[in-house]
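Heads up: the structure comes next, in structure tokens.
Owing to the predicted nature of the structure, the values given are computational and were not obtained by experimental measurement. When a ligand or atom number is given, it counts from 1 through the structure's own listing order.
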Amino acid sequence: MRISANFSILLLSGLFSFATAQATINADTLHLSSFGEDFKWGTACAAYQIEGAWNSDGKGVSIWDEFTHTKGNIHANENGDVAVDFYHRYKEDIRLHKEMNFDVFRFSISWTRIFPDGVGQINPAGVQFYHGVIDECIAQGVEPWITLYHWDLPQNLQEQGGWTNREIIDWFSAYTQFCANEYGDKVKNWMVMNEPAGFVGLGYMMGYHAPGEKGISNFLKATHYTCLAMAESGRILRSTVNNANIGSTFSCSPVESYKGKSKNSRAVAKLDALLNRLFIEPSLGLGYPYDGFSALRKIEKHMEEGDAEKLKFEFDFIGVQNYFRVVAKRHLWPPVLWAKQIDSKKRSVPVNEMGFEIYPEGIYQILKQLGEYEGVREIIVTENGVCVKDSLENGRVHDQSRIDFFKAYLSNVLRAKNEGVPVNGYFVWSLTDNFEWSEGFEPRFGLVYVDYETLERAVKDSGFWFAKELAPR
Ligand code: GAL
């Protein structure tokens with residue numbers, strides 16, 4: 001009796017490991033050709049992190065200019081005044097992008113280059129700058145993908161409350177309309193926002209990012225107005241740009257219970273609602289995720305008649321940006337949330353230079369989770385990457401650990417794709433090293449190394465790896 005019971009357990013576990021082995025893709029032998037011909041390969045970047053020229057040619061002041069110029073906000077008091085000078089070097093950078101055989105380039109428009117005060121007067125030199133970038137992409141056979149808002153709100157609008165003022169819906173709509181009219185003939189791929197949970201949470205709740213605001217009331221207002229503005233912007237793009245492919249990008253992390261304990265399940269549900277569901281579900285017509293975190297009902301205080309309908313917009317794709325996993329436990333602080341994220345250091349797991357856990361299976365888990373939504377038609381990984389302590393030696397950067405990172409994460413993306421998740425593209429964060437928000441220039445995420453003294457560029461080994469993998473056959 002005992003023997004046969006053991007035998008069936010053995011058999012079952014054998015079957016199970018066989019099933020797992022079948023599903024897992026070997027990172028060491030991965031080739032990017034396995035993703036198929038139609039899969040999009042790109043790199044991503046954001047205006048404030050690369051452009052520099054912060055006050056050139058009529059550009060207005062953004063909240064990031066203001067925030068970085070205030071002492072104590074940023075590591076070593078660094079700022080993006082010059083950044084990597086993409087403003088003057090974009091031709092070289094787009095050429096490097098092309099040489100690595102990427103066919104899609106994701107960049108953002110700086111609102112204050114177009115409208116220095118956020119609304120009203122237009123700055124023709126700024127408008128022309130983005131024509132230059134778009135034309136250069138097209139000339140080099142690279143498809144431009146535009147993000148409308150990657151965190152650099154005009155300071156003038158922040159002085160009127162920024163994302164906590166309902167008027168932002170009109171301000172953002174006017175900006176969207178202008179960009180759609182101006183660039184819509186040349187650019188078909190648009191992302192409305194970059195990581196709303198990031199800029200609302202860090203900028204309006206925790207004060208860690210610009211504009212440095214704190215508090216629940218700011219957070220709830222900014223959440224609702226951001227969701228409304230995002231859907232409205234989508235509608236404007238839809239009605240203005242012929243054959244537009246419209247998405248928005250979201251920071252997403254799988255959330256797990258600390259030590260797998262069931263007593264943490266409510267903490268897990270709350271963090272999942274805040275980090276992964278809050279900004280996606282309203283557009284899908286599912287409303288805010290009150291079932292995961294009932295305190296979110298307070299958003300209703302800021303809702304007007306008709307808002308529930310206005311929150312909906314059918315995006316063509318969802319941009320997923322995954323950097324780490326979140327491990328949560330029940331906790332006595334902070335009140336209302338009663339949950340805490342366990343630091344990766346405490347869990348003795350591999351981390352990158354910013355302390356983010358390196359957990360390749362996390363991207364598989366989150367892709368599977370998002371693939372479950374009926375309304376999600378297509379997913380593009382619009383950011384994924386790792387910061388490494390790179391050093392330039394004789395013109396080369398040997399970043400094997402970054403190559404290993406990409407192989408491991410990409411094999412998990414492929415696994416999700418093979419299991420039917422509609423994921424059709426992957427954008428590396430980032431093309432070049434750049435200004436990493438509050439962390440300044442220390443974390444290097446690029447495929448291209450930038451010497452911050454001379455601003456000279458050098459393709460890293462990881463860039464050569466992509467060039468080889470993506471070479472036309
Ligand atoms: C994302 C953000 C990017 C970049 C990246 C690396 O959250 O969208 O701008 O900073 O993180 O940490």
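When ring centroids are compared, Trp64 and Phe199 stay outside the 6.0 Å threshold.
The shortest N/O to N/O separation between Asn194 and ligand 1 falls below 3.5 Å. In terms of N/O distances under 3.5 Å, ligand 1 is approached by Gln49.
With Tyr323, Phe445, Tyr48 as candidates, the residue nearest to atom 11 (O) of ligand 1 on a non-hydrogen basis is Tyr323.
Close approach of ligand 1 to Trp437 (heavy-atom distance below 4.0 Å) involves ligand atoms 3 (C), 4 (C), 9 (O), 10 (O). Residue contact check: Gln321 has heavy atoms under 4.0 Å from atoms 8 (O) of ligand 1.
The protein heavy atom nearest to atom 12 (O) of ligand 1 is Glu436 OE2, 2.8 Å. Nearest protein heavy-atom contact of atom 7 (O) of ligand 1 is Glu195 OE1, 2.6 Å. Nearest non-hydrogen protein atom to atom 1 (C) of ligand 1 is Glu383 OE1, 3.1 Å.
For the pair Arg106 and Phe427, the cation-pi test (distance below 6.0 Å, angle within 45°) is failed.
Under the 4.5 Å side-chain criterion, counting only non-hydrogen atoms from C-beta, Phe293 is not in contact with Tyr288.
Contact analysis leaves Glu439 out of contact with ligand 1, as no non-hydrogen atom separation drops below 4.0 angstrom.
Applying side-chain hydrogen bond (donor to acceptor under 3.5 Å, both in side chains) to Tyr48 and the options Asn434, Asn79, Asp152, Thr68 leaves one that passes, Thr68.
Ionic pairing of Arg238 and Asp316 is present here: one or more N-O contacts between side-chain nitrogen and carboxylate oxygen are shorter than 4.0 angstrom.
Between Phe466 and Phe102, the ring planes lie tilted relative to each other; the angle falls in the 30° to 60° range. Ring geometry for Phe129 against Phe86 counts as perpendicular: the plane angle is over 60°, on a 0 to 90° scale with 30° as the lower cut.
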